[in-house]
Protein chains: 2
Amino acid sequence: MNLQQLRYAAEVGRRGLNVSEAASALHTSQPGVSKQLRALEEELGAEIFVRQGRRLTAVTEAGREILAGIGRILAEIANLRVVGEEHANQARGNLVLAVTHTQARYALPKVVTAFKRRFPEVHLKILQGSPHDLAKAVVDGEADIAIATEALAGYGELVSVPAYQWHHGVVVPAGHALEREKPLTLEAIARYPIVTYDASYTGRSAIDRSFARRGLEPEIALTALDSDVIKSYAGLGLGVGIISAMAYDAQKDRALALLPADHLFPVQTTRVAFRRGARLRGFAAEFIGMFVPHLTREAVGRLARGGGDDFVI
Amino acid sequence: MNLQQLRYAAEVGRRGLNVSEAASALHTSQPGVSKQLRALEEELGAEIFVRQGRRLTAVTEAGREILAGIGRILAEIANLRVVGEEHANQARGNLVLAVTHTQARYALPKVVTAFKRRFPEVHLKILQGSPHDLAKAVVDGEADIAIATEALAGYGELVSVPAYQWHHGVVVPAGHALEREKPLTLEAIARYPIVTYDASYTGRSAIDRSFARRGLEPEIALTALDSDVIKSYAGLGLGVGIISAMAYDAQKDRALALLPADHLFPVQTTRVAFRRGARLRGFAAEFIGMFVPHLTREAVGRLARGGGDDFVI
DNA sequence: GACGCTTACGTTCGTCGTAACTATT
DNA sequence: AATAGTTACGACGAACGTAAGCGTC
C-alpha cells in the first residue's frame, strides 16, 4: 500500500467513479490509476468499487468505509504539511476563504483589511460560490475557511461557529408607495413582484418561509446571486428588493430607500466553518478570531481537534 | 512523502530516538531509515528530531505535532486493513486480548468459552502484563482489547468502559485467628503481615489507600502479580492474603478461608478498553458486548468513532 | 574503541507512460 | 464509432543493502 494508491482511490470516488477523469485530474495516465486501484483492492482483500463489465458503477459497502478512512488519512497528511509550513514561517502562507458574495462585499472588507495589516505576507484568496459550493470547497481541502449564512451547519465534516447576526431589509426606489406603509407588513410587500436572492443564498429560505407561514405567495420577479444586482433591478423598478440590510449603503444607494424588516423576517446567523480535524495555520485561526467576536485562537484550535460538536449559539 | 517514511519516523519516536534499534525492529537497514527520515523532514520543511552532532536527542515542537499526526495516519491505515479482513470473512481472524492475570484466570474463562463457541474460527491470543503494559499494548496496536481494573481510564488514546464491579477479600489458612474477628477490621488485619498484589495491579492502590486513611502501615510481607501465588503463600502462613474475592474458590481452596471485606476496601471497577478511533473487527465488538452487560455491538462502534468521551459509570 | 548516524555506490524492484486490446454504449 | 477500462511492455527512478567514513561517549 502507498499514498499514491490512496490518492487515486479518493479521486476516483470524488469524480463519480470515472477513472479517466480522475487520472487527468491527477496529471497521470489512466492505466496507471486503474492498475493501482486494483493493487489496493487486492492488498486490502476487499473490492472498493463495483464493476459492471469494465466500468465502475458503484461503491461497495466496504468501499464506503475504506474511502472514508482514506479521506481521514489524506486530511491528516495535509495537516502534516501545514505543520511544516507553520514551522517554516508563521507569518507567511496562503489563506483561502470561500464566501458568498454578500459576505465578500459587505462583511469581509473590514476584517480582511485588519488581517492584511497584521499578516502582510499571507496571500489571501477569496473563492465565491453558493453555500453548498463553499462547504464542498472546504471539505475537499480547496479552501481553508467558509463563511456563509446557509448550509454550513449541515455538514458533519465541518465545524461551524456562529459569527454574527443580521436582518433582511426591503429596498425600493425612493418615493415608492411601500415607504408610506407603516408598519410594513408581509402582505403589503407581497402585492408587488419581488427581487431577491437565488435559492439557497443568503437567507433566501427564511424569506420564503416567512411568506409561506402567512399563506402568501408573492411573485418572484427575479433572483440573483448578489445584493448589488438585486439593488440595481429594484432601482429600475422591476420589483421590491429583499436583501441583507447590511448591503444597503445610505450614501451610495441614495436612489433607493431601505425599509427595515426586522419584524418580518427571522434573524439570520452567519457562520464560519472549517474542516473538522483540520490543523489550521496560526494566522487562519487568528483570522477566525478576528471575524468572530469573543472567539480566541486557542478556542479555534480546540474546536478543530473536535470536542466533536458544533459550537451552539 | 510515502508511508514508509511515516512508519520509520513513528518507530524512531517510539524507540526512544534510536535509529539503529528502529531499523532493526523494522527489519531494514539503519542508513535507509536515517535517509528517509531526512527526506521526510526535508519535504515537510520542519525538523522532527533535534540532533546533537550525529545523535537524535529530542523531539522538536513541530515534531511532536507531526508524530501525533503520523500516529493517527498509521492507525487509520491499520483500520483500512481491518475493513478488508472483515470483508474477507466476518467470522475468521485474530483477536488479541491484553489482560491482567486475575482477569485471565477468573473473569475471562466464561466469556472466552462462549465466544469461542460462537466464533470458532477466530484465533484468540491472550497477552498478560501490568495494567500499564496492557494499555501500551493496545495503544501501540499490539492488542485489540485491554481488560484491567487499574490504569486504563488514564489513557486519552483509549476508550474505556466499566465492565463489572467486585470487592477484595481476605484469605487466611482455615482456623486462623482472624476468622473469629467479627466484624473484621483493618486494624485487625494490620496486625499480621500482608501478602497481596504488586503495585499497580488489581486494585492494589485502593488497598494501600484504605490502610493509609486509617493511619495504618501494615507490613507487606510479599507481593505478587497473580492471585494464585498470593493464595499459595497465604496458605503457607506467610501472611494474610488480600486478593480479589472472585479469585477464591470454595471447592478448590478448601485449605483457605475467605473473609468478606466489602466493608473495608472500596468497590473495584474493572474496565474494558480499546484504541480510540479503532475500527474493531465485528467479533471484537461482539466480545466486548458479551463481556460488558447491556453494551451492544453498535454502542461499541459508536464509542470507537468517539463521541469522544469515556462512558461514565 | 565501541556505538551511532551519515555518505557513497551498485543492484533491484516498483511505478509510470505509451501502445495495443477489449468491452460497453 | 466513440468512450472507458484492462493488459503488455519498456524506461526511468527511487529505495534498499553493503561498505566505508566521521563524531561522540
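Side-chain atoms are counted along with the backbone in the values below, which use heavy atoms only and exclude waters and symmetry mates. By convention in this document, chain letters (A, B, ...) are assigned in the order of the sequence lines, proteins followed by strands, and residues within each chain are numbered from 1. Everything numeric in this text was worked out from a predicted model, so none of it was measured.
- Going from atom CG of Leu37(A) over to atom C1' of dA4(D) covers 14 Å, rounded to whole Å.
- Ser20(A) comes within 4.0 angstrom of sugar-phosphate atoms only, judged by non-hydrogen atoms across all strands, and of no base.
- Under 4.0 Å is where a charged nitrogen must lie from a carboxylate oxygen, and between Arg81(B) and Glu43(A) at least one such pair does.
- At a threshold of 4.0 angstrom between heavy atoms, the contacts of Gln30(A) include nucleobase atoms, whether or not backbone atoms are also involved.
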Are there any protein N/O atoms within less than 3.5 Å of an N/O atom in nucleotides 8-11 of chain D, and if so, which ones and at what distance?
none

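- The distance between atom NE2 of His27(A) and atom P of dT18(C), rounded to the nearest whole Å, is 15 Å.
- Leu17(B) comes within contact range of the sugar-phosphate backbone alone, with a heavy-atom separation under 4.0 Å but no base atom that close.
- One interatomic measurement links the two molecules: CG of Leu3(B) to P of dG14(C), which rounds to 16 Å at whole-angstrom precision.
- Evaluated for a side-chain hydrogen bond (donor to acceptor under 3.5 Å, both in side chains) with Tyr155(B), the options Arg275(B), Lys136(B), His132(B) yield exactly one hit, His132(B).
- Looking only at distances, a side-chain donor or acceptor of Glu41(B) sits under 3.5 Å from a matching main-chain atom of Phe49(B).
- Side-chain contact between His101(A) and Leu225(A) is absent, with no heavy atoms from C-beta onward closer than 4.5 Å.
- Closest to the side chain of Thr28(B), from the set dC16(C), dC5(C), dG17(D), is dG17(D).
- Nucleic acid contact class of Tyr8(A) (heavy atoms, under 4.0 Å, all strands): sugar-phosphate only.
- Listed nucleotides: dG4(C), dG17(C), dT15(C). Nearest to the side chain of Asn2(A): dT15(C).
- At distances below 3.5 Å, not a single donor-acceptor pair connects side-chain atoms of Arg15(B) with backbone N or O atoms of Ser20(B).
- Using a distance-only test at 3.5 Å, with no hydrogens or angles considered, no donor-acceptor pair links the side chain of Asn79(A) to the main chain of Glu76(A).
- When the P atom of dC5(C) is taken as reference, atom CD1 of Ile48(B) falls 15 Å away, rounded to whole Å.
- A distance-only check finds a donor-acceptor pair linking the side chain of Asp144(B) to the backbone of Val96(B) [under 3.5 Å].
- Going from atom CD of Glu42(A) over to atom C1' of dT15(C) covers 17 Å, rounded to whole Å.
- Panel note: side chain Arg276(B), backbone Gly156(B); a donor-acceptor pair is recorded below 3.5 Å.
- Checking dG17(D), dC5(C), dG17(C) against the side-chain heavy atoms of Val19(B) singles out dC5(C) as nearest.
- Between the side chains of Arg55(B) and Gln52(B), no donor-acceptor pair is found at a separation under 3.5 Å.
- What separates CZ of Arg7(B) from C1' of dA15(D) is a distance of 13 Å, to the nearest Å.
- Look at Glu42(A) and Arg38(A) and you find no salt bridge, because none of the NZ, NE, NH1 or NH2 atoms lies under 4.0 Å from a carboxylate O.
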So which protein N/O to nucleotides 23-25 of chain D N/O distances come out below 3.5 Å?
| from | atom 1 | to | atom 2 | distance (Å) |
| --- | --- | --- | --- | --- |
| dG23(D) | N2 | Arg55(B) | NH2 | 3.2 |

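- Side-chain nitrogen and oxygen atoms of Gln36(A) include at least one within less than 4.0 Å of the OP1 or OP2 phosphate oxygen of dC16(C).
- Between the C1' atom of dA14(D) and the CD atom of Gln4(A) lies a distance of 13 Å, rounded to the nearest Å.
- One atom, CZ of Arg51(A), and another, C1' of dG5(D), lie 9 Å apart when rounded to the nearest Å.
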